[in-house]
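None of these values were measured; they are calculated from a predicted model. This chain uses plain numbering: 1 for the first residue, then up along the sequence.
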Amino acid sequence: MRNDTSITHAQNDSTITSPGATTRRALRRRRTGRKRLIVAGAIAAAGLIVGTGFTVQNAVATQARIDATTILNDTSGLRHEQLSAYSAIAAAKAIDNAEDTITAANATLAAAGGKVDASGLAASVASLSDYRSIPVEKVVDLTKATRAEAAKTALAAAAYDQSQADAAAAAAGALAAANTPDGARAFARDLAASQYGWGADQFQCLDNLWQKESGWSYTAYNASSGATGIPQSLPGSKMATAGADWETSAATQIKWGLGYIASAYGTPCSAWSHSQSVNWY
């Protein structure tokens, strides 16, 4: 049989603790422990800052530098050490370009000598010659300026060469035209009038004389006597006094022949009369 009175007293004397109350007390103890750890960590960090002389301002500045480097690295795709290497490569490349530009510019100066005004290019080369002692940015700018000046000088020199070539071609064309019988006649007519004052009547006598002697051919040669060219100079080398090209130029032969007629006969008609009388002049 159960004793109800003893059970009641036992329940009144014992402390009954619920499971929920036990859990809440454990959570409070854990929160209190974390707070104490955070405070202790802050105190330790403060001691480190005071002990090393490290300040908040230093921390901010250092972080700013880190951020700037990070941004540059992210933008270029390079790390800090790679950026330094890239700068060195860029400087070396600038020096190589400067050296190559100076070499090419000096060649342009040599080719343009005596043809065009190359003082601008010479000054630019002189400025660039200090490429090892001036900032890389200035080396790059001077290299570009020197290349532009070299291109301008080369273009001017090429234009000069072309003008000379055109003049030479024109002279060659005039020579070729004068070397034909009709061209030789035209040249002789103009020279006789401008240099000696001989008109159409005198030219007619001259035309008759040299048609008989050579047919107005600058290559005419008399094998029996050695008489040469349009005026049939004997020997032909006498015509060298009028020009070194006497063997290939009708104009040179005509210059010598008109001078000979003027000094020996006075006029072409007098020379023609002599030729008709004795068959030579």
Problem - Cluster overlap Val140 with Ile134, hydrophobic side-chain contacts below 4.5 Å - result: no
Exercise for the section: Check whether the side chains of Arg189 and Gln202 place a donor and an acceptor atom closer than 3.5 Å, and report yes or no. Expected result: no
Problem - Shared hydrophobic cluster for Leu128 and Val136 (ILVMFWY, side-chain gaps under 4.5 Å) - result: no
Practice task
Answer yes or no: is there a donor N or O on one side and an acceptor on the other, between the side chain of Glu213 and the main chain of Gln232, under 3.5 Å?
Solution key: no
Handout entry: Aromatic ring pairing Tyr265/His274, orientation class (parallel under 30°, perpendicular over 60°, tilted between)
Key = tilted
Practice task
Give a yes-or-no answer on whether the side chains of Thr143 and Asn97 include a donor-acceptor pair shorter than 3.5 Å.
Solution key: no
Handout entry: Expected output: side-chain Thr241 to main-chain Lys238 donor-acceptor under 3.5 Å
Key = yes
Exercise for the section: Would you mind checking if Arg132 and Glu99 are paired as a salt bridge, meaning a charged N to carboxylate O distance below 4.0 Å? Expected result: yes
Problem - Joint hydrophobic cluster, Trp246 plus Tyr221, side-chain heavy atoms closer than 4.5 Å - result: no
Exercise for the section: Measure the shortest side-chain to side-chain distance between Leu206 and Leu258 over non-hydrogen atoms and say whether it is less than 4.5 angstrom. Expected result: yes
Practice task
Would you confirm whether Ser124, through its side chain, and Leu121, through its main-chain N or O, come within 3.5 Å as a donor-acceptor pair?
Solution key: no
Practice task
Taking Lys212 for its side chain and Ser275 for its backbone only, find out whether a donor-acceptor pair lies under 3.5 Å.
Solution key: yes
Handout entry: Whether Trp216 and Trp210 hold their rings parallel, tilted or perpendicular, with breakpoints at 30° and 60°
Key = perpendicular
Exercise for the section: Please answer whether the main-chain N or O of Tyr218 pairs with a side-chain N or O of Gln253 as donor and acceptor at a distance below 3.5 Å. Expected result: yes
Practice task
Ignoring hydrogens and angles, tell me if any N or O in the side chain of Ser233 forms a donor-acceptor pair with the backbone of Gly229 under 3.5 Å.
Solution key: no
Handout entry: Student check: side-chain heavy atoms of Val125 and Asn106 closer than 4.5 Å
Key = yes
Completion exercise
Residues Gly266 and Trp198: closest non-hydrogen pair is O-CZ2, 3.4 Å
Handout entry: Heavy-atom side-chain contact between Lys255 and Leu191 under 4.5 Å
Key = yes
Exercise for the section: Please confirm whether Tyr281 and Tyr260 have ring centers closer than 6.0 angstrom. Expected result: yes
Handout entry: Donor-acceptor contact present, side-chain Ser249 to main-chain Asp245, <3.5 Å
Key = no
Practice task
Answer yes or no: is there a side-chain heavy-atom contact under 4.5 Å between Thr248 and Leu175?
Solution key: no
Handout entry: Check: Thr180/Asp182 side-chain N/O donor and acceptor closer than 3.5 Å
Key = no
Problem - Any donor-acceptor N or O pair under 3.5 Å, side chains Ser270, Ser273 - result: no
Handout entry: Cationic N near anionic O, under 4.0 Å, Asp141 to Lys144
Key = no
Exercise for the section: Using atom types as modelled and distance alone, determine if a side-chain donor or acceptor of Ser133 lies under 3.5 Å from a backbone N or O of Tyr131. Expected result: no
Handout entry: Gap between atom CG of Asn179 and atom CZ of Phe187 - 0.5 Å precision
Key = 10.5 Å
Exercise for the section: Using atom types as modelled and distance alone, determine if a side-chain donor or acceptor of Ser214 lies under 3.5 Å from a backbone N or O of Ile230. Expected result: yes
Practice task
Look at the side-chain heavy atoms of Ile, Leu, Val, Met, Phe, Trp and Tyr, link any pair under 4.5 Å apart, and say whether Val278 and Leu209 land in one connected group.
Solution key: yes
Problem - Lys152 atom NZ, over 12 foreign heavy atoms within 6.0 Å - result: no
